[in-house]
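Note sheet for the following structure.
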Amino acid sequence: MFNHYVRIANLTKVNPNYRILLINEPTQTKRFNGDYNYYDHYYRLVTAEGKHIKYGKFQQLDKLAQILDVPIEHLEQKIIINDK
């Protein structure tokens, strides 16, 4: 089974100095059964220089922490808030 969070975990290995951009805009994801999940914000992996990393958009920080096998606090330290 394809898991988007595994792909994101691999991106963190290729870009070890990544940061996590918190974007306070609504988003949605489509589930395999056709239903949608709605979120009031999302995250995006960015390089240390702030450039978006392709396929780096995600909604659940806790799920990424679980896949990376790190405490969620480790990821929270990497968050940059988007001040648009």
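The ring-ring contact (aromatic ring centres under 6.0 Å, His included) check on H41 picks up Y43, with sequence neighbours excluded. Taking the side-chain hydrogen bond (donor to acceptor under 3.5 Å, both in side chains) definition, one finds that T29 meets it with nothing, sequence neighbours left out. D40 is linked by a side-chain hydrogen bond (donor to acceptor under 3.5 Å, both in side chains) to nothing, counting only residues two or more places apart in sequence or in another chain.
The CD atom of Q28 lies 9.5 Å from the CG atom of N37; values are rounded to the nearest 0.5 Å. Separation of atoms CG (L22) and CG (N24) is listed at 4.5 Å; rounding is to 0.5 Å.
Using a 4.5 Å heavy-atom cutoff, the side chains of N15 and L45 are not in contact.
The two atoms that bring K13 and P16 nearest to each other are O-CD, 3.8 Å, heavy atoms only.
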Using side-chain contact (heavy atoms from CB on, under 4.5 Å), reason through F32 and D35 one step at a time and then give a plain yes or no. CA-CA 7 Å; F32 291 111; D35 292 341; over 6 Å; no
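Taken together through direct or relayed side-chain contacts under 4.5 Å among Ile, Leu, Val, Met, Phe, Trp and Tyr, V6 and V14 form parts of separate hydrophobic clusters. Note on Y39 and F58: separate hydrophobic clusters, where clusters join Ile, Leu, Val, Met, Phe, Trp and Tyr whose side-chain heavy atoms are under 4.5 Å apart, directly or indirectly.
Other members of the cluster containing Y36 are Y38, with ILVMFWY side chains joined at under 4.5 Å, either directly or via other members. Side-chain heavy-atom separations under 4.5 angstrom define the hydrophobic clusters, and the remaining members of the one that includes L21 are I23, Y42, V46, I80.
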I'd like a table of donor-acceptor pairs (distance under 3.5 Å, sequence neighbours excluded) in which one partner is a side-chain atom from residues 47-55, with atom names and distances.
| residue | atom | partner | partner atom | Å |
| --- | --- | --- | --- | --- |
| T47 | OG1 | E49 | N | 3.3 |
| T47 | OG1 | E49 | OE1 | 3.3 |
| T47 | OG1 | G50 | N | 3.4 |
| T47 | OG1 | K51 | N | 3.1 |
| H52 | ND1 | R44 | NE | 3.4 |

Distance-only donor-acceptor pairs under 3.5 Å for side chains of residues 62-77, two or more places apart:
none

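Here ring-ring contact (aromatic ring centres under 6.0 Å, His included) pairs that include residues 8-31, with residues two or more places apart or in two chains, number zero.
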